[in-house]
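One structure is given below, encoded as structure tokens.
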Amino acid sequence: MDDTYGGYTYQGYRGTFSVDNLTETRSDLQSIYNITLSGKHKISNPFSLDWTVANSQATHKLPDDAEFDTKYGTSPTTTTNEATGNPAEPFVSVAQGVTNGPVYVGNESRTWTHNTDKDISAYLNLHYIVNIFGRKAIFSAGGMFRHKTRDNFNDSYNLPNTIVNGEPEVYTSIPAAKFMFTGSDTVNAKGSSATDPGVYTFVENIHALYGMVKYEITDRLNLIAGLRGEHTYQNYYSQLPSYLPGKTATITYVDYLPSVNIKYALTNEQALRASYYESILRPAFADLIPYPDPIANEEYSHVGNPYLQHTVINNYDLRYEFFPGAFDEFMLGAFYKQLTNPIETELAQSTTGAGGLALTPNNFGNATNYGVELEAKKFFGNIGASVNYTYTNSQITTLKTITLNNILTHIDQTRPLQGQAANIGNASLLYKDQKYGVDAQLSLSYIGERIAAVSSYYGLDTWERPSTFLDFSAQKKIGTHFIIYIKANNLLNTPYQLILKQNNTYLYSGLAKLPHQESADYTTLQYDQFYARYNLGIKYNF
């Protein structure tokens with residue numbers, strides 16, 4: 001249900017001008033299969049090799065996603081004018097009652113969607129053992145090839161409601177509702193697939209070669225160093241109209257990724273690690289294709305960006321680790337990351353011809369992340385406890401639009417990266433009984449506030465409120481092959497909330513109050529209530 005709020009109040013809340021009810025029914029069918037073949041071979045005493053070949057396929061179908069819309073207007077009965085104390089809106093009409101208008105049939109839509117992802121990959125590793133200055137050294141070299149394809153299909157029909165004497169049809173029931181195509185309306189009648197950007201084929205080929213050495217410098221100090229080269233090839237073709245950018249594209253780039261890892265053993269159970277490595281993050285298929293993909297439970301569609309650049313990350317890590325028992329551990333670390341072209345989601349005007357606002361991935365410049373992380377686990381017999389916590393200081397500076405002295409201008413704003421929370425923590429109570437094959441966990445997790453979508457306007461980024469989740473899982477092994485498991489997620493019924501960090505004094509309380517406004521310091525944009533989810537299943541291991 002969507003409410004359009006008007007200029008009067010009723011029963012302590014801002015009254016509505018119209019109410020829109022959307023009913024959706026759909027089936028969601030998914031299947032995944034994977035087959036992997038691998039081998040290890042000792043060619044001679046110092047020389048060995050291992051290899052892996054894998055093939056997998058995932059299919060997702062949303063057949064006949066149907067939406068049916070009804071709407072009606074509302075109007076106040078007798079009203080009185082009362083002062084609000086808000087200089088921008090000094091008075092508001094207070095209604096003694098509300099009258100609902102007739103319910104009219106809105107538009108109906110039907111959508112058929114399916115996609116198939118295929119992944120074929122092969123890996124080869126060569127190893128040679130030799131002594132250097134009386135110390136063991138392992139030289140490794142190898143390569144990999146991965147071929148990924150996605151075939152995506154989307155066909156939608158928008159069914160216009162019938163107009164009777166200049167008015168929409170009055171709603172009685174869904175089966176009785178009538179829809180009519182005009183003689184010139186060939187698009188809705190034939191479906192969208194002929195020109196739908198959601199019909200596309202995507203190919204990604206990754207070639208990589210690497211060389212690496214692992215050397216035991218002393219009994220306590222060892223070194224791993226290497227260099228990896230990766231060539232990325234991406235190509236897609238979509239049904240997007242040719243007059244819009246991004247109908248088809250070919251993207252290629254090469255990355256050379258060095259890494260160095262040093263480990264110093266303080267004792268048999270304690271060690272210090274220091275590492276540097278360079279890594280990349282490739283855009284996902286849907287991140288590149290400018291297809292307005294509607295996502296369930298979200299207000300806006302996701303639209304890809306064909307000009308999106310991949311992210312290159314320089315990672316620096318330092319960690320202390322301690323393993324006092326078979327299942328016990330304690331680790332304390334610090335990290336620093338330099339990100340070139342990080343990918344962030346922006347809420348902006350769509351350029352695909354669909355119109356309206358859409359969530360689009362974009363590159364806004366370079367960023368840094370640094371912080372500390374703690375992880376600890378301790379067992380007392382079969383019962384254990386674990387905790388992990390990460391603090392991240394994330395910073396990126398981008399140009400924002402702002403109005404100063406009635407003049408539109410641009411200034412820099414430093415903010416966290418979209419999607420990066422400063423505080424993330426998890427605490428778990430564990431039970432593990434190897435004799436009877438029982439494994440259970442009760443977990444409490446916390447994710448601090450984070451930016452959900454970047455805005456091009458100063459101070460108008462959309463933030464996600466902090467979330468706390470309580471989950472439970474358990475499994476029992478039966479015989480050699482069977483495992484029975486149960487999972488219970490979101491036992492606290494944690495909602496999903498999006499806010500703007502803007503003053504909300506007059507919508508939070510008083511005559512102009514709106515529902516789900518929880519603070520005068522921020523404005524709630526979206527409030528989705530989610531409830532606990534339970535899964536019971538059985539696994540069979542060959």
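These numbers were taken from a predicted model, which means no experiment stands behind them.
Ser275 has its side chain out of reach of Ser259: every pair of non-hydrogen atoms, C-beta onward, lies at least 4.5 Å apart. Between Tyr316 and Gln338 there is a side-chain heavy-atom pair separated by less than 4.5 Å. The shortest side-chain heavy-atom distance between Asn205 and Val203 falls under the 4.5 Å cut-off. Under the 4.5 Å side-chain criterion, counting only non-hydrogen atoms from C-beta, Thr368 is in contact with Tyr336. The shortest side-chain heavy-atom distance between Leu491 and Tyr534 falls under the 4.5 Å cut-off. Within the 4.5 Å cutoff, the side chain of Gln529 has heavy atoms near those of the Asn493 side chain. Inter-residue side-chain proximity for Glu89 and Tyr506 is flagged as unmet; no heavy-atom pair is nearer than 4.5 Å. Arg415 places a side-chain heavy atom less than 4.5 Å from the side chain of Phe364.
Within the 3.5 Å criterion, the main-chain N or O of Phe285 finds no donor-acceptor partner in the side chain of Gln234. Listed for the Asp155 side chain is a donor-acceptor partner under 3.5 Å among the backbone atoms of Ser193. Between the side chain of Lys263 and the backbone N or O of Arg273 there is no donor-acceptor pair closer than 3.5 Å. Between the side chain of Thr311 and the main chain of Asn341, a donor-acceptor pair closer than 3.5 Å is present. Looking at Asn305, its side chain does come within 3.5 Å of a backbone N or O of Pro361 through a donor-acceptor pair. Looking only at distances, a side-chain donor or acceptor of Thr524 sits under 3.5 Å from a matching main-chain atom of His516. Distance alone, capped at 3.5 Å, is enough to place a donor-acceptor pair between the Ser192 side chain and the Ser156 backbone. Within the 3.5 Å criterion, the main-chain N or O of Asn388 finds no donor-acceptor partner in the side chain of Asn426. No donor-acceptor pair under 3.5 Å is formed between the side chain of Lys377 and the backbone N or O of Asp328. Listed for the Arg220 side chain is no donor-acceptor partner under 3.5 Å among the backbone atoms of Tyr264.
For the pair Lys513 and Tyr508, the cation-pi test (distance below 6.0 Å, angle within 45°) is passed.
Among the candidates Glu464, Glu344, Glu346, the single residue satisfying the side-chain contact (heavy atoms from CB on, under 4.5 Å) test with Gln418 is Glu344. Each of Asn366, Thr414, Asp412 was compared with Thr397 under the side-chain hydrogen bond (donor to acceptor under 3.5 Å, both in side chains) criterion, and only Thr414 meets it.
For the 3.5 Å distance criterion, the side chains of Asp28 and His60 qualify, holding a donor opposite an acceptor. Ser394 and Asn369 share a side-chain donor-acceptor pair at under 3.5 Å. Counting only N and O atoms by type, the side chains of Tyr123 and Asp50 include no donor and acceptor under 3.5 Å apart. At a cut-off of 3.5 Å, with distance as the only test, a side-chain donor of Asn423 or Tyr389 sits close to an acceptor on the other residue. Side-chain contact, Asn362 with Thr360: no donor N or O sits under 3.5 Å from an acceptor N or O. A donor-acceptor pair shorter than 3.5 Å can be found between the side chains of Tyr320 and Gln270. A donor-acceptor pair shorter than 3.5 Å can be found between the side chains of Thr36 and Asn34.
The CG atom of Leu62 sits 8.0 Å away from atom CG of Leu29, with the distance rounded to the nearest 0.5 Å. Note that the CG atom of Leu288 and the CG atom of Asn235 stand 11.0 Å from one another [nearest 0.5 Å]. Asp439 CG to Tyr431 OH: the interatomic distance, rounded to the nearest 0.5 Å, is 10.5 Å. The OG atom of Ser443 sits 7.5 Å away from the CG atom of Leu470 when rounded to the nearest 0.5 Å. Interatomic distance, Gln517 CD to Asn504 CG, rounded to the nearest 0.5 Å: 4.5 Å. With rounding to the nearest 0.5 Å, the separation of CZ in Arg465 from OH in Tyr496 is 13.5 Å.
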Requested in this report: Before giving the answer on side chain to side chain contact (heavy atoms under 4.5 Å, CB included), spell out for Ser473 and Tyr485 the whole-Å C-alpha distance, their side-chain angles and the decisive distance to 0.1 Å.
Outcome: CA-CA 7 Å; Ser473 64; Tyr485 65 89; over 6 Å; no
Requested in this report: Show your reasoning for whether side chain to side chain contact (heavy atoms under 4.5 Å, CB included) applies to Leu339 and Leu417.
Outcome: CA-CA 10 Å; Leu339 298 93; Leu417 277 170; 4.3 Å; yes
Query - Stepwise side chain to side chain contact (heavy atoms under 4.5 Å, CB included) check, Lys118 with Gln57 - result: CA-CA 4 Å; Lys118 298 179 181 179; Gln57 178 174 306; 3.2 Å; yes
Requested in this report: Apply the test side chain to side chain donor-acceptor pair (under 3.5 Å) to residues Asp471 and Ser445: give CA-CA distance (whole Å), side-chain angles for both, the deciding distance (0.1 Å), then the verdict.
Outcome: CA-CA 8 Å; Asp471 303 319; Ser445 60; 4.8 Å; no
Query - Worked check of side chain to side chain contact (heavy atoms under 4.5 Å, CB included) between Arg282 and Asp255 - result: CA-CA 11 Å; Arg282 298 183 184 87; Asp255 294 281; over 6 Å; no
Query raised in the report: Glu278 and Arg228: salt bridge (charged side-chain N to carboxylate O under 4.0 Å, His left out), yes or no, with the steps?
Result: CA-CA 9 Å; Glu278 189 173 322; Arg228 177 184 178 93; over 6 Å; no
Query raised in the report: Between Ser109 and Asn158, is a side chain to side chain donor-acceptor pair (under 3.5 Å) present by the stated rule, with each step listed?
Result: CA-CA 4 Å; Ser109 68; Asn158 293 313; 4.7 Å; no
Requested in this report: Output, in order, the C-alpha distance, side-chain angles, deciding distance and verdict of side chain to side chain donor-acceptor pair (under 3.5 Å) for Tyr307 and Asn363.
Outcome: CA-CA 9 Å; Tyr307 306 108; Asn363 305 115; over 6 Å; no
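When all heavy atoms of Ile280 and Val312 are compared, the pair lying nearest together is CG2-CG2, 4.2 Å. Here the closest non-hydrogen pair linking Leu281 and Ile343 is O-CD1, 4.4 Å.
Atom OH of Tyr457 is surrounded by 12 or fewer heavy atoms from other residues, nucleotides or ligands within 6.0 Å. Within 6.0 Å of NZ in Lys214 there are 12 or fewer heavy atoms belonging to other residues, nucleotides or ligands. The environment of CD1 in Ile32 is sparse: at most 12 heavy-atom neighbours from other residues, nucleotides or ligands sit within 6.0 Å. The environment of Tyr33 atom OH is dense: over 12 non-hydrogen atoms of other residues, nucleotides or ligands sit within 6.0 angstrom. Residue-environment remark: NZ (Lys61) stays at or below the threshold of 12 foreign heavy atoms within 6.0 Å. For Leu404, the CG atom counts as densely surrounded, since its 6.0 Å shell holds more than 12 non-hydrogen atoms of other residues, nucleotides or ligands.
In this view, Asn490 and Thr494 satisfy the side chain to side chain donor-acceptor pair (under 3.5 Å) rule, not counting sequence neighbours.
The aromatic rings of Phe145 and His207 sit tilted, their planes meeting at an angle between 30° and 60°.
Between Arg26 and Glu67 there is no salt bridge, since no side-chain nitrogen of the basic residue lies less than 4.0 Å from a carboxylate oxygen of the acidic one.
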